[in-house]
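The structure appears below as structure tokens.
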Amino acid sequence: MATAVLEQGEDAFRKIFRFYRRRSPPADLSELQTVQVGSGGALSDQAAALVGLKPLCHWSAYQVDGFPGFLFIVNPFLPSWQHRWVRQCLKLYPRKPNMCNLDLHMGGIGDLWGSSHAQLRSKSSQRRGEKTLLEKLRWVTLGYQYNWDTKKYYKKQHSPFPVDLAELSRCVSLACGFPNFKAEAGILNYYHMDSSLGIHVDESELDHSSPLLSFSFGQSSIFLLGGLSRDVAPTPMMMHSGDIMVMSGASRLLYHAVPRILRHPGGGVLPPCLSVPPTSDNSSPLVEPCSPHDWEVCEAYLRDSRINVTVRRVLEEGGSFSDNGDRTDKEETPEAAYQIEDGETQEERECPKRMRPGQD
């Protein structure tokens, strides 16, 4: 476990967050323990293959001692399938009627992909020049639209949840023992090398009995998993491309954060699972293959970026919204990537305007 000096008025979680934000030592993974998922064969190999997942017998899943309900699944995707999901996150999911951070200060944005792909494809490895709209993207919300100001969901603020992502989420949750999971809201965070995710708890959803699913693509990151209060020092672990985290049960409402984005270990522009050009093998009626033409754009984007997709169930079985929406959650900062300056004060860190998603 990392050690750091505790500043006056600083809690244990913030201490570790600050340590990893300023430094990049290897995260301690000694507390991860192997665990079997999918016992009883609830998820068939055929259903898994339709969304690009390996047969359950080839999954590597882990739990952390002292964190019941938390699962870490190491890249269970079939070859070329991460390419497909990256394409969905960059080309399809940012489209209207879904909302994104650029709507806040640029008005109605049209086709982000169409306005950015030519410039991204032509950029050199140095990635110089003005940022494209895709590179300015910080978050996208799917299904029930999360309101960053009120930290609530509202019945009337809703877009159709993507069928393909809903099925991927259903398969993962089924494999982990949650047969009734229903994907109702999604938040996509688009990180760059200077981005981080503040210390927070995801409790805006009215249903806390269902898991929160987190999918990671692109460059790596350090993930901190804490306790029910910020006085508990968090456990650090590395997330690489293709990894999935499941927060359920007693771990559903734990504090967590991402203090730093790191380049994947081993050298190379992209991790090995993304370095091989995509193929059109393993056809699926849900997700079309990523063409080489589209992958040029995705590859250019991922050189300095990471995409994280979190999927949640908002309403309990048979539940409904109250007149004024959902409960307020106790996130310290919005759930979106943002930059923290090393010399920043506590007041500056917690300023709502400064932490508004999409601020460059």
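These numbers come from a predicted model, not from an experiment.
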Is there a donor-acceptor contact under 3.5 Å linking the side chains of Asp231 and Tyr255?
no
Would you say the side chains of His264 and Ser220 form a donor-acceptor pair under 3.5 Å?
no
Kindly indicate whether a cation-pi arrangement holds for Arg138 with Tyr190, taking the cut-offs as under 6.0 Å to the six-membered ring centre and within 45° of the axis.
no
If only atom types and distance count, is the side chain of His200 paired as donor or acceptor with the main-chain N or O of Gly198 below 3.5 Å?
yes
Just by modelled atom types, is the Val276 backbone N or O under 3.5 Å from a matching donor or acceptor in the His83 side chain?
yes
Donor-acceptor check, side chain of Glu296 to backbone of Leu120, threshold 3.5 angstrom: yes or no?
no
Looking only at the side chains, is there a donor atom on one of Ser159 and Gln145 sitting less than 3.5 Å from an acceptor on the other?
yes
With under 30° as parallel and over 60° as perpendicular, where do the rings of Tyr301 and His192 fit, or are they tilted in between?
perpendicular
Do Asp202 and His256 meet the criterion of a side-chain donor-acceptor pair at a distance under 3.5 Å?
yes
Side-chain (Ser251) to main-chain (Met247) donor-acceptor, under 3.5 angstrom
no
If two hydrophobic side chains count as joined below 4.5 Å and joins carry through other members, does Ile73 share a cluster with Leu50?
no
For Pro76 and Gly242, work out which heavy atoms get closest and say how close.
CD-O, 3.3 Å
Decide yes or no on salt bridge (charged side-chain N to carboxylate O under 4.0 Å, His left out) for Asp304 and Arg263, but give the supporting numbers first.
CA-CA 8 Å; Asp304 300 303; Arg263 299 198 180 278; 2.6 Å; yes
Ion pair check, Arg252 and Glu203, cut-off under 4.0 Å
no
Within the distance-only criterion (no hydrogens, no angle test), does the side chain of Ser116 pair as donor or acceptor with the backbone N or O of Leu134 below 3.5 angstrom?
yes
I'd like to know whether NZ of Lys91 has more than 12 heavy-atom contacts from other residues, nucleotides or ligands below 6.0 angstrom.
yes
Quick check: closest heavy atoms across Val51 and Trp85, and the distance to 0.1 Å?
O-NE1, 3.2 Å
Under a plain distance cut-off of 3.5 Å, with no hydrogens placed, do Thr310 and Ser214 share a side-chain donor-acceptor pair?
no
Hey, is Asp194 close enough to Arg260 for a salt bridge, meaning N to O under 4.0 Å?
no
Residues Ser216 and Asn308: side-chain donor-acceptor under 3.5 angstrom
no
Glu205 (side chain) donor-acceptor with Arg312 (main chain) under 3.5 angstrom
no
Check the side chains of Ser305 and Gln219 for a donor-acceptor pair under 3.5 angstrom, ignoring hydrogens and angles.
no
Taking side-chain hydrogen bond (donor to acceptor under 3.5 Å, both in side chains) as the criterion, tell me which of Asp164, Thr141, Asn98 meets it with Tyr93.
Asp164
Would you mind checking if Glu288 and Arg87 are paired as a salt bridge, meaning a charged N to carboxylate O distance below 4.0 Å?
yes
Shortest non-hydrogen contact from Met238 toward Phe72
O-CZ, 3.2 Å
Salt bridge (charged side-chain N to carboxylate O under 4.0 Å, His left out) between Glu10 and Arg18, worked out
CA-CA 10 Å; Glu10 188 176 42; Arg18 181 170 54 86; 2.8 Å; yes
Exam field: side chain Asn101 to backbone Val140, donor-acceptor pair closer than 3.5 Å
no
Side chains of Asn180 and Glu317: donor-acceptor distance under 3.5 Å anywhere?
no
Check the orientation of Tyr153 and Tyr144. Use parallel for under 30°, tilted for 30 to 60°, and perpendicular for over 60°.
perpendicular
Any chance the rings of Phe217 and Phe77 have centres within less than 6.0 Å?
yes
Spell out, yes or no, whether Leu102 and Leu90 are grouped together once hydrophobic residues are joined by side-chain heavy atoms under 4.5 Å, including indirect joins.
yes
